[in-house]
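What you see is a predicted model, and the numbers here were worked out from it, not measured in a lab. Here is the naming used below: chain letters follow the sequence lines, and residue numbers restart at 1 for every chain.
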Protein chains: 2
Amino acid sequence: MTTHETSAAPLGLRERKKQKTRERIRREAYRLFAEHGYEATTVDQIAEAAEVSPSTFFRYFPTKEDVVMQDEYDPALAEALRARPADEPIVEAILNSLRGPMGEMLQQDRDELLLRTRISFTDPAIRARQVAEQQRSEEGIAASIAERTGRSTTDLDVKCAAAAIVAVFTTLVRHWVEGDGKEDLAALYERHLPLLSRGLDF
Amino acid sequence: MTTHETSAAPLGLRERKKQKTRERIRREAYRLFAEHGYEATTVDQIAEAAEVSPSTFFRYFPTKEDVVMQDEYDPALAEALRARPADEPIVEAILNSLRGPMGEMLQQDRDELLLRTRISFTDPAIRARQVAEQQRSEEGIAASIAERTGRSTTDLDVKCAAAAIVAVFTTLVRHWVEGDGKEDLAALYERHLPLLSRGLDF
DNA sequence: TATTTATTGACAGTGGACTCCCATTTGGCG
DNA sequence: CGCCAAATGGGAGTCCACTGTCAATAAATA
């Protein structure tokens, strides 16, 4: 590597074309996945729909799995969490993070998020990948909690808390997806996340 | 079908042989998975190790995935939960269930559980399957909670609670596996599950 | 023992993910 | 424009899960 990517790079025609190609492949893949399911969609079909050769598909994505999402949201949340005052109770801190730009981000990507999430809940093969990502999300959130409370990241209570939080998130998002995204995701968070702070009183 | 299976069937030589073959395939598969990983193990290898032809493998297991575990424990927990008095707080009820025969069951299968769980945490492809099972566990536990509290199974709070509980379980089991099962799993439950009842006070 | 039926192994596919290679095209640049 | 490097397409090839068929064998049954 002789050149470093700078955020202000003018981006020549070549780069722009590549980005567009990558995006086109990804978009067509998602469309086909949504239409016929992940397993039932072949790389050849994706390539054809994106108007590239199968070889080119593999140049952009090392494996078919790689075309599926990595979730930017949970890591972003872990980040946002770090900006909140440490004396704020964790659930409050999360809700406050979601009320900020983080929430707008979700609002913005609503449709794509809906589609992606639907796929990942529907298809077992993709689900696997998703779970791996989720694990990292948990670690990120655990790290935030640990940082805020001066505990260790390896603290089991911290890990359990992070796991519970992510689990509730997942449950709410699933509910949201099953309702075709008609409900307000943010409202669901506001309504059900506090369950964790007040304790499971069943 | 002209004959029906009766629980007291004396089980002819044919049936017994089949059972043994099935078990042998499963055992060898697990051994190889543990040794080389799920993906890296081919059906041919499993068949050879189990001393059957590849065709026979597929006669016993429709797909390679089908050779992996279904978890009997979480459903068993949901069952046991139903036997506890309804006025007992949920986390207490769970712990009490685990203190009974349910706990002995776990104790008994310790080694196999350790192996199976290790595989399912290690290998993404199997993890997918596991997650699907987990989903059903959540539903089972949600059903128990709903039944105990007279709420609906579709109640989002109930679903969130079940998800949180399973998430903590998973976290603890993972921790247990990572420590090679040296710690006492039951003790981990006792120590960290109450986190959920008293609320996340971070 | 003779007949029937279930289980098996061998073998020849199929399809799809993924690799390698090479010729062609296309954008970057002097 | 003309050269170079990057990006692409096409094709041949590998690996492996999984299917289907058929003949041989072993168990159940008469």
Side-chain angles (χ1 to χ4, degrees), chain A residues 1-6 9-26 28-30 32-33 35-68 119 123-129, chain B residues 1-6 9-26 28-30 32-33 35-68 123-126 128-129:
Chain A
M1 279 276 169
T2 52
T3 61
H4 295 268
E5 282 183 20
T6 68
L11 237 25
L13 172 55
R14 213 162 227 175
E15 287 310 307
R16 266 177 292 142
K17 243 187 148 173
K18 261 169 77 173
Q19 276 194 345
K20 275 173 66 178
T21 302
R22 187 184 183 82
E23 188 47 38
R24 204 167 59 244
I25 294 175
R26 218 183 55 90
E28 293 302 312
Y30 272 76
L32 290 169
F33 291 165
E35 209 164 315
H36 309 124
Y38 176 76
E39 297 266 342
T41 304
T42 72
V43 170
D44 285 20
Q45 290 168 352
I46 299 172
E48 179 165 353
E51 295 179 302
V52 294
S53 71
S55 335
T56 300
F57 174 93
F58 285 107
R59 284 200 186 91
Y60 281 88
F61 300 94
T63 76
K64 183 179 159 189
E65 272 192 4
D66 278 299
V67 95
V68 304
I119 296 173
D123 195 284
I126 293 207
R127 188 96 188 101
R129 190 66 171 248
Chain B
M1 280 272 165
T2 53
T3 60
H4 295 268
E5 282 183 20
T6 69
L11 239 25
L13 172 55
R14 217 164 226 173
E15 285 311 305
R16 264 176 292 142
K17 250 185 141 171
K18 261 169 78 175
Q19 277 195 344
K20 275 173 65 177
T21 303
R22 186 186 186 80
E23 187 46 38
R24 203 170 57 243
I25 294 175
R26 216 185 56 89
E28 291 304 311
Y30 272 73
L32 290 169
F33 291 164
E35 209 165 314
H36 311 126
Y38 175 77
E39 296 267 339
T41 305
T42 72
V43 170
D44 284 20
Q45 289 168 351
I46 299 171
E48 180 164 353
E51 295 179 302
V52 293
S53 72
S55 335
T56 299
F57 174 93
F58 284 108
R59 286 199 186 92
Y60 281 90
F61 300 94
T63 77
K64 183 180 161 190
E65 271 192 5
D66 278 300
V67 94
V68 304
D123 195 287
I126 293 208
R129 190 68 171 247

Notebook entry, point to check: Can you name the ring pair (Phe, Tyr, Trp, His ring centres under 6.0 Å) partners of B:Phe61, sequence neighbours left out?
Noted result: B:Phe57

Check: Mind checking what makes ring pair (Phe, Tyr, Trp, His ring centres under 6.0 Å) contact with B:Tyr60, not counting sequence neighbours?
Finding: none

Notebook entry, point to check: Ignoring hydrogens and angles, does a donor from either the side chain of A:Arg16 or the base of C:dG27 sit under 3.5 Å from an acceptor on the other?
Noted result: no

Margin query: Between the base of C:dT26 and the side chain of A:Arg14, is there a donor and acceptor pair under 3.5 angstrom?
Written below: yes

Please state how far atom [atom1] in [X] lies from atom [atom2] in [N], giving the value in whole angstrom units.
| X | N | atom1 | atom2 | result |
| --- | --- | --- | --- | --- |
| B:Asp66 | D:dT19 | CG | P | 11 Å |
| B:Glu39 | D:dA17 | CD | P | 9 Å |
| B:Gln45 | D:dC15 | CD | P | 13 Å |
| A:Phe58 | D:dT14 | CZ | C1' | 13 Å |
| A:Lys17 | C:dG27 | NZ | P | 4 Å |
| A:Arg59 | D:dT8 | CZ | C1' | 6 Å |
| A:Glu15 | C:dG28 | CD | P | 9 Å |
| B:Glu65 | D:dC16 | CD | P | 17 Å |

Notebook entry, point to check: Between A:Phe58 and A:Thr63, does a side chain to side chain contact (heavy atoms under 4.5 Å, CB included) hold up when you go through it step by step?
Noted result: CA-CA 7 Å; A:Phe58 285 107; A:Thr63 76; 5.7 Å; no

Notebook entry, point to check: More 5' along DNA chain C: A:Pro54 or B:Thr56, using each one's nearest nucleotide?
Noted result: B:Thr56

Notebook entry, point to check: Looking for any heavy atom pair under 4.0 Å, which part of the strands does A:Tyr60 touch: base, sugar-phosphate only, or nothing?
Noted result: sugar-phosphate

State which of [options] makes the closest approach to the side chain of [X].
| X | options | answer |
| --- | --- | --- |
| B:Val43 | C:dA17, D:dT8, D:dA17 | D:dA17 |
| B:Ser55 | C:dA6, C:dC11, D:dC18 | C:dC11 |
| A:Thr21 | C:dT8, D:dA17, D:dT8 | D:dT8 |

Margin query: Under 4.0 Å between a side-chain nitrogen and a carboxylate oxygen: does that hold for A:Lys20 and A:Glu23?
Written below: no

Checklist line | Side-chain donor/acceptor of B:Tyr38 to backbone N/O of B:Glu65, under 3.5 Å | finding: yes

Check: Quick one: is C:dG16 close enough that its OP1 or OP2 comes under 4.0 Å of any side-chain N or O from A:Thr42?
Finding: no

